[in-house]
Amino acid sequence: MTLRLTNTFSGAKEAFAPLDTNRVGLYVCGVTVYDDCHIGHARAAVAFDTLVRYLRHRGFHLTYVRNFTDIDDKILNRAAQEGVDWTQISRRYVEAYYRDMNPLGLVRPDVEPRATDHIPDMLQLIERLVEKGYAYAAGGNVFFAIEKFPAYGRLSGKNIDELIAGARVEPSEEKRNPLDFALWKAAKPGEPSWPSPWGPGRPGWHIECSAMSMKYLGESFDLHGGGRDLIFPHHENEIAQSEAATGRPFARMFIHNGFVNIRSEKMSKSEGNIIALKDIYRHFTPEALRLYLLSTHYASPLDYSDDNLRQAEQRTFRVYKLLSTVRPDLSPPPDALDAELTRFNDVMDDDLNTPAALALIAGRFDALASDLHATGRPRPLDAIALARAAILAMGAPLGLFQADPQDYFARVTQLHLTQIGLTAAAIEERIAERTQARSAKDWARADRIRADLKAQGVALEDAKDRTTWRVDL
RNA sequence: GGCGCGGUAGCCAAGUGGUAAGGCGGCAGUCUGCAAAACUGCUACACAUCGGUUCAAUUCCGAUCCGCGCCUCCA
């Protein structure tokens with residue numbers, strides 16, 4: 001089977017056939033750095049990270065580019081609010097991006113271009129558009145004339161006349177058409193600016209992605225991605241300005257991830273229902289979040305729920321617990337994994353069906369658990385080795401289950417102890433107390449201690465010779 | 001208003017022209033002082049509604065209802 005992906009141009013799954021199998025290009029619209037990352041950013045990042053991992057798993061030689069928008073109205077507004085230089089804001093939130101996103105185990109893009117490092121590239125592109133008659137200068141601004149580009153609306157399926165009729169855009173005196181968009185914005189007093197043939201100013205939002213994607217991936221490349229909300233106008237405008245300038249097709253496939261909703265409503269600044277990653281991480285491990293995000297297909301809406309995230313944490317815990325019980329020296333015969341991976345590839349080839357892939361992992365999990373608990377028969381070591389290897393091999397393109405189980409346990413335990421305000425020493429003390437009660441057969445007292453700890457979020461497990469504890473997820 | 005997406009068991013969530021993965025939950029068993037964990041088995045009247053096409057539809061087509069998104073910054 002070949003990989004099929006939903007292409008926004010057609011709305012249908014299409015076979016992924018790169019221009020050149022030796023050099024597949026993917027450009028993903030990153031973030032504007034003016035605030036902390038939220039769970040929606042995480043979803044987009046994980047979706048495209050999975051695409052990257054899977055493409056490489058399938059043998060494609062991929063160049064992955066993801067930008068930072070580091071000059072923008074929102075950044076300037078925030079700087080003005082705080083009374084600091086705008087570069088402080090952009091620098092701070094690039095750092096915040098890595099702080100929030102690195103824990104998710106994201107593959108680092110090959111290139112992470114920043115808009116402000118590419119002003120000359122953008123100016124060149126704008127000049128080309130002006131020369132070709134697709135853009136016009138007005139009052140120090142430069143606008144793209146959408147009526148010069150007949151294919152405008154092709155990605156988003158919008159009809160230009162209807163857009164104009166229903167445009168909520170304030171008609172600007174400088175724009176010939178209300179839908180024309182800024183390639184270059186004249187500097188207002190006090191704003192940062194760069195020199196240009198049209199006077200000092202700064203780039204419009206869309207031009208950076210055209211300039212940077214084509215610079216690193218070529219004028220035509222394979223894949224371009226981002227959140228659904230970028231379809232219009234951002235990606236529509238990128239296509240228009242890029243194809244107008246080069247006369248060649250821009251990205252061949254557009255891939256868009258669905259939103260994270262809160263109680264069925266879109267999470268957004270204006271709704272005030274943003275869930276920041278740093279807040280999630282106070283309660284859950286990044287890997288559980290990743291598993292949670294992958295349990296829904298990337299293009300579908302995902303209704304955020306604490307409870308489902310907790311289930312993902314429990315699931316992660318169980319998988320690591322099982323993996324940690326397998327002897328580390330066991331390994332399967334060389335080609336034994338092929339059949340497993342074929343099944344995995346088949347479901348992932350179908351538009352990255354991660355829920356189905358997770359079901360396959362669940363199947364291997366059950367087999368492994370069952371074999372490890374084999375009673376009345378010799379432990380099937382080959383099957384055990386194979387099942388574990390399969391879980392790890394299928395987990396790799398998903399970015400799951402690759403950590404050292406002990407590291408995961410340490411992290412999740414520390415997280416919860418911090419939350420509930422208990423220390424390991426305090427728990428051990430209570431256990432010692434209870435062990436005494438138990439040897440005295442004072443079951444009431446022993447059970448009370450156990451119930452107390454349970455109420456605080458610590459579960460006790462009595463083994464033959466000793467009592468262990470774990471955080472109650 | 002224009003364009004688009006979705007409605008699958010208690011919850012989450014795949015999928016298919018021939019009565020439907022997986023997870024969570026629930027129930028029972030083994031184990032245990034009792035539990036928990038783990039394993040084993042079981043569980044569910046699930047495919048929004050109404051028509052149509054078809055030998056056969058949850059899967060295709062149409063309509064209806066409901067929910068959501070984009071059209072303005074937004075992952």
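Chain naming here is simple, since letters A, B, ... match the order of the sequence lines and numbering starts at 1 in each.
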Between A/Tyr152 and A/Phe144, ring centroids under 6.0 Å: no

Validation row, ring centre A/Tyr320 to ring centre A/Tyr408 under 6.0 Å: yes

N/O (side chain, A/His41) to phosphate O (OP1/OP2, B/A75) under 4.0 Å: yes

Atom CD of A/Glu147 with >12 non-hydrogen neighbours under 6.0 angstrom: yes

Sugar-phosphate only, base, or nothing, as touched by A/Gly40 at under 4.0 Å among non-hydrogen atoms: base

Rounded C1' spacing from B/C73 to B/U54 in Å: 50 Å

Nucleotide opposite B/U64 in a Watson-Crick or G-U pair, distances under 3.5 Å: B/A48

Side-chain N or O of A/Arg318 closer than 4.0 Å to phosphate OP1/OP2 of B/C39: yes

Sugar-phosphate, base or nothing in reach of A/Ile231, heavy atoms under 4.0 Å: nothing

Under 3.5 Å on both distances, the Watson-Crick or G-U partner of B/U16: none

Touch class at under 4.0 angstrom, heavy-atom based, for A/His297 against every strand present: sugar-phosphate

Aromatic plane relationship, A/Trp205 with A/His234 - under 30° parallel, 30 to 60° tilted, over 60° perpendicular: parallel

B/A48 versus B/U59 - spacing of their P atoms, nearest Å: 8 Å

Lys/Arg cation over aromatic A/Phe365: A/Arg315, 6.0 Å, 45° cone: yes

Touch class at under 4.0 angstrom, heavy-atom based, for A/Leu360 against every strand present: nothing

Touch class at under 4.0 angstrom, heavy-atom based, for A/Ala44 against every strand present: sugar-phosphate

A/Lys266 (side chain) and B/C74 (base): donor-acceptor pair under 3.5 Å: yes

Sugar-phosphate, base or nothing in reach of A/Asp366, heavy atoms under 4.0 Å: sugar-phosphate

Sugar-phosphate, base or nothing in reach of A/Lys74, heavy atoms under 4.0 Å: sugar-phosphate

Touch class at under 4.0 angstrom, heavy-atom based, for A/Ser370 against every strand present: sugar-phosphate

Sugar-phosphate only, base, or nothing, as touched by A/Gly30 at under 4.0 Å among non-hydrogen atoms: sugar-phosphate

Rounded distance in Å between the C1' positions of B/C5 and B/A9: 23 Å

Base paired to B/C27 (Watson-Crick or G-U; both N/O distances under 3.5 angstrom): B/G41

A/Glu265, nearest nucleotide to its side chain (from B/U40, B/C74, B/G69): B/G69

Donor-acceptor pair between A/Arg43 and A/Tyr292 side chains, under 3.5 angstrom: no

ring centroid sep under 5.5 Å plus plane angle under 30, A/Phe259 with B/G69: no

Separation of the P atoms in B/G6 and B/A13, to the nearest angstrom: 14 Å

Below 4.0 Å: OP1/OP2 of B/C24 and any side-chain N or O of A/Arg315: yes

Lys/Arg cation over aromatic A/Phe409: A/Lys321, 6.0 Å, 45° cone: no

Touch class at under 4.0 angstrom, heavy-atom based, for A/Lys321 against every strand present: sugar-phosphate

Residue A/Asn308, side-chain heavy atoms: nucleotide from B/G33, B/C11, B/C24 that is nearest: B/C11

Sugar-phosphate only, base, or nothing, as touched by A/Arg438 at under 4.0 Å among non-hydrogen atoms: base

Distance test, side-chain N/O of A/Trp443 to OP1/OP2 of B/A35, below 4.0 Å: no

Residue A/Trp205, side-chain atoms from C-beta onward, closest of B/A75, B/A21, B/C74: B/C74

Assigned partner base of B/A21, Watson-Crick or wobble definition, under 3.5 Å: none

Touch class at under 4.0 angstrom, heavy-atom based, for A/Asp462 against every strand present: base

Sugar-phosphate, base or nothing in reach of A/Arg470, heavy atoms under 4.0 Å: sugar-phosphate

